[in-house]
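One structure is given here, and the rest of the page talks about it.
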Amino acid sequence: MCGVVGILNFEKTNNVKKKVLSSMTNSIAHRGPDDSGTIILKNAGLGNRRLAIIDLSEKGHMPMHDEKKELWITFNGEIYNYMEIRKELLGKNYKFISNTDTEAILKSYKEWGPDCLKKFNGMFAFAIYDTKKNELFIARDRLGVKPLYYSKLNGALVFASEIKAILRHPGFKRRINLMAVSSYLSYRYELGTETLFQGIFKLMPGHYMVVKGNILIIKEYWDINLSKRNKGKSFGYYKKELKRLLEDSVKLRMISDVPIGAYLSGGLDSSIVVALMSKNSNRKIKTFSIGFKEQGYNEFEYARQVAKMYNTEHKEILLSLEDYIKTMKVLIRYKDLPLGVPNEVPLYLMSKELRKYITVVLSGEGADEIFSGYGRIFRSPLDYKKLSMIKHIPFFLKKSIFKQFMEKYGNRQFASEMDHFLYNYSYFPFEEKKLIFNSKINKIINNDKFLTGIFSEHFNKAKDEPYYKKIWYVFEKLHLPGLLQRLDCTTMAASVEGRTPFVDYRLVEFMFTVPSKYKMKWKSFLEVIKSWNETSDEISEKRDKTKYLLRETFRNILPKAIVERKKQGFPVPLDVWFRGSIGKFAKKELLNSNSKIRMIVNQKNLEKWIDSNLKNSKDSSFGQKLWMLLNLEYWLREYF
C-alpha cells in the first residue's frame, strides 16, 4: 500500500523538474511513511511513498526498475495472488531479487503487456514507464479500491493517488466543476470520470491508459458479464460456492508481513469477516468498534457478542459531537473533496486508533451491493410494477387504498425504470437543488442532463436484463467506487491499509449469476399477499429477508442475534444534531456574508429551505443534506 505520482512531459526535450516531483510526492507522505522515492527519466518522472506490507526490506523500494532499467514502476495496492504469478514467471526463466508483488507486476507486464491485468487478483493503481518506447502505462483495479487521478496540462500528463499532489503542479489552475457539485449533492460523490476540480479526472475502475507523445488511449479491460447464468442450480449449490469464494478471499487478504486486524461494527458483513479471519489465524484477531455517546447510536452490544465468540482482542472508541465537527475539516484536507458519507469521520478516527496496534485492517465494504443489502432500493422494482398497474385508478381511491404509494410517490408517473430508480436513489431531489442553486449553476447543469446521461449509459449496457439486475449493475459500477473512495481516504490518512474481501472480482462475478430470489427472500407466501398495497420501504426486512444467501451460508458461525439483525448502516446521529444546536450553527456558517458557498447557492432560498425543514421534521434525510452543504462550504474554504 503506497501513494503514486508521476509526470510525463510530451516533449522529449522538456525535462521534469525534481523540485516539482518531490513536492508532489511529499504531499501524500501519509500514504507511505516507511519510504520515499523519486526518479527522473528525461521527460518523465515517477514518485512513490511506501507503506511496507510485504517484504519490508529495502528491496521493495520504489520506483522499481527491471534488470536493464528500461521499465520503471510506481505502485499502490496489493496483488494477493502474486506468489502464484511469480511461480509462473519463474517457469519462464524470470529472475527475482525481492519477494514483492511490485516486482511480480513489473515482470508480468514485460511478459504479457496489458493482458497481465487479467491475471491480477488485488487492489491496485500503478504506472509503468517504458524508457525505450517513451511510453507510459497506467492501470487501476477492476472495482476501484485504489484511486488514480490525472490531469492533462499544457504539454504534460500529471497523475497521482490523491488530488492534492496534482494541485502542487505549477501548471494546474484551480476551478470548480459545477456539474460535479450537482453530482455530489444528489449522489454523495462525483459520477464517472469527473471530480470537483475542473481538469482533474479519475481513471475509471477496470480501465488502463496508454500515453505516447501527447496521445491518451483509455481502454476498459474488465466488466461484469451480465448475460452469464447458472441455469438449474440449487440453493445448496450457491451456498457452497459462496462459502468457498469468500473463505478464499478472506484468506488471501490476510497475507501480510505486518500485524492485521478488522473493523467490527456488529453488523452481518464485518462479523462474517472476523469469523473467517479467526478460522485462518493461530493468533487472536484484533478488532475495533466505534460509536457515539448519544443513545441508540452505537452497536457495541452486537460487536461484543462476536468478539466474545471468537475471543478477539477488542477495542471500543466513543465519539462526541465536538470530535466529529473538528475532525470533519481535517478529513476534507486529506480527501481534497467534501465528505460524502457521515461515517467517514468515525472510520478515520478508528483508523488512527488502530494504527497503534496494526497496519492492515479488513472491512465488510461491498457486501450490500452484491447481496442486495439496500432493501428499500433493491425491492423497488416491485414498486415500479405496481405503479404501472394502479396508474388508471382514480386519485381519491389511490389516496385511500394505496396510501403509502401516495406518500412516497404522490401522483408521479415515471417514463422509464431509470427515472424511477433515480427518484429513489437521489439524496437531494433535483427540485430542491434547483431551488437552492443560484441561476449560474442552474444554467450550467442544464437539468442534470450530464448526470442522467451517465446513468443512461449503464442502464443501456444492462438493457436486456430485468430491472433488479440493472440496479445491481449500477450499484457495482457507480455506487461502489464512491464508498471505496471513502475507505481509501479514511485508512490511508492514518497510514493504514484497508482490505475488502467482498470486493474480490471472482465473488462479484459469481454473485451476478445468483437469482434475485436467493438474495431477497419473502418470509412466506402470506407476506407476499400482505404486501400488495405496500411500497418497498414497508416491505424490506418486514416481509422479506435481505442478504438471504449470505445469512444462510454463514448462519452457523455467528450468534443468532447477528444473523437475524436488520440492516443498520453505520449509525451517525446527524438528524439529532442538525435539528438541534448544530443546525443553527450550520445555518450561520452557510448564510454569513463571508461564506464561500455563495458562489453556488441562492442564500435567500437556502435560508427558507433550512427554516422550513427545521420547523418540519417530515424529511428524515434533512440532517444528511445540511451536513453535505456544510461539507461543501468547508471544502470551498480550504481550496478556493
Side-chain angles (χ1 to χ4, degrees), residues 143 224-226 228-230 233 235 237-239 241-243 245-246 249 265 267-273 364-386 417-418 420-425 455 458-459 462 465-484 500-524 527-528 531 534-555 562-570:
L143 289 151
I224 297 162
N225 183 352
L226 292 169
K228 189 176 180 182
R229 303 282 192 276
N230 280 323
K233 299 293 185 182
F235 184 61
Y237 163 81
Y238 290 113
K239 281 177 64 177
E241 191 64 7
L242 169 59
K243 186 172 184 289
L245 285 168
L246 190 54
S249 180
S265 69
L268 179 69
D269 312 328
S270 65
S271 298
I272 290 171
V273 170
E365 213 73 68
D368 286 314
E369 287 71 25
I370 55 174
F371 292 100
S372 295
Y374 307 115
R376 183 182 69 85
I377 297 287
F378 286 107
R379 184 60 80 181
S380 67
L382 194 56
D383 284 8
Y384 184 72
K385 190 179 288 186
K386 289 176 183 177
E417 292 171 339
M418 188 187 83
H420 176 254
F421 170 76
L422 291 180
Y423 178 80
N424 284 303
Y425 183 60
F455 281 105
H458 285 77
F459 266 77
E465 301 302 321
Y467 183 11
Y468 68 82
K469 203 162 187 178
K470 291 184 177 83
I471 296 177
W472 297 354
Y473 186 67
V474 167
F475 263 80
E476 202 65 23
K477 299 291 280 189
L478 294 179
H479 180 89
L480 180 64
L483 294 185
L484 294 174
T500 50
F502 288 105
V503 189
D504 188 303
Y505 78 95
R506 301 168 304 165
L507 179 59
V508 170
E509 289 176 342
F510 167 71
M511 286 307 301
F512 268 79
T513 70
V514 176
S516 63
K517 65 181 180 180
Y518 294 146
K519 294 187 179 187
M520 295 178 292
K521 177 82 169 175
W522 290 99
K523 290 182 178 178
S524 70
E527 298 295 345
V528 178
S531 73
E534 293 178 337
T535 67
S536 60
D537 303 63
E538 284 77 45
I539 294 170
S540 180
E541 298 194 89
K542 175 185 173 186
R543 306 205 184 280
D544 69 4
K545 293 182 180 181
T546 59
K547 300 202 275 197
Y548 180 69
L549 176 61
L550 186 65
R551 293 178 197 274
E552 293 306 307
T553 302
F554 296 101
R555 176 176 289 278
I562 303 295
V563 176
E564 299 297 334
R565 277 192 80 194
K566 292 183 178 181
K567 179 173 172 56
Q568 299 296 312
F570 194 125

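Since this is a predicted model, take the numbers as computed values, not measurements. For the single chain, residues carry numbers from 1 onward in sequence order.
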Please step through side-chain contact (heavy atoms from CB on, under 4.5 Å) for the pair Ser380 and His420, ending with a clear verdict. CA-CA 9 Å; Ser380 67; His420 176 254; 3.9 Å; yes

How far apart are the closest heavy atoms of Leu268 and Val563, and which atoms are they? CD1-CA, 4.3 Å

Test ring-ring contact (aromatic ring centres under 6.0 Å, His included) applied to Tyr548 - qualifying residues, sequence neighbours left out: Phe235

For Thr513, which residues count as a side chain to side chain contact (heavy atoms under 4.5 Å, CB included) partner, sequence neighbours excluded? Lys228, Asn230, Tyr238, Phe510

Any salt bridge linking Glu552 with Lys243? Criterion: basic side-chain nitrogen under 4.0 Å from a carboxylate oxygen. no

Run the salt bridge (Lys or Arg N to Asp or Glu O under 4.0 Å) test against Arg543 and tell me which residues pass, sequence neighbours left out. Glu527, Glu534

Gap separating the CZ atom of Phe512 from the CD atom of Glu509, nearest 0.5 angstrom: 10.0 Å

Please give me the minimum heavy-atom distance between Ser372 and Thr546, naming the atom from each residue. O-CB, 3.7 Å

Tyr473-Phe459 aromatic ring centre distance below 6.0 Å: no

Is the side chain of Ser536 donor-acceptor paired with the backbone N or O of Arg379 at a distance under 3.5 Å, no angle test? no

Would you compute the distance between atom CG of Asp383 and atom OH of Tyr467 and round it to the nearest 0.5 angstrom? 8.5 Å

Interatomic distance, CG@Leu550 vs CG@Leu246, rounded to 0.5 Å, equals 7.0 Å

Nearest non-hydrogen partners of Ile370 and Gly366, listed with the distance: CG1-O, 3.6 Å

Taking side chain to side chain contact (heavy atoms under 4.5 Å, CB included) as the test, write out the residues that go with Ser516, two or more places apart. Tyr468, Trp472

Could you tell me the separation between the CE atom of Met511 and the CD1 atom of Ile224, rounded to the nearest 0.5 Å? 12.0 Å

Just how far is it from atom CD of Glu564 to atom CD of Glu541, taken to the nearest 0.5 Å? 11.0 Å

Nearest atoms (heavy-atom pairs only) where Ser271 meets Ile562: OG-CG2, 3.7 Å

Electrostatic pair Asp368:Lys547 at N-O distance under 4.0 angstrom: yes

Report yes or no: is the cationic atom of Lys545 (NZ for Lys, CZ for Arg) under 6.0 Å from the centre of the six-membered ring of Phe371, at an angle within 45° of the ring normal? no

Identify the heavy atoms of Asp269 and Phe502 that sit nearest to each other, and give their distance. O-CE1, 3.7 Å

Residues passing the ring-ring contact (aromatic ring centres under 6.0 Å, His included) test with Phe475, sequence neighbours excluded, are Tyr374, Phe378, Tyr425, His479

For the pair Lys523 and Asp544, find out whether any cationic side-chain nitrogen is under 4.0 Å from an anionic carboxylate oxygen. no

Test: Lys470 and Glu476 ion pair at under 4.0 Å: no

Atom pair NZ/OG1 of Lys386 and Thr535 - distance to nearest 0.5 Å: 8.0 Å

Looking only at heavy atoms, the pair that brings Asp504 and Ser249 closest together is CB-OG, 3.4 Å

Is there a side-chain contact between Leu549 and Lys519, using heavy atoms and a 4.5 Å cut-off? no

Excluding sequence neighbours, so at least two apart, what forms side chain to side chain contact (heavy atoms under 4.5 Å, CB included) with Ser270? Leu264, Ser265

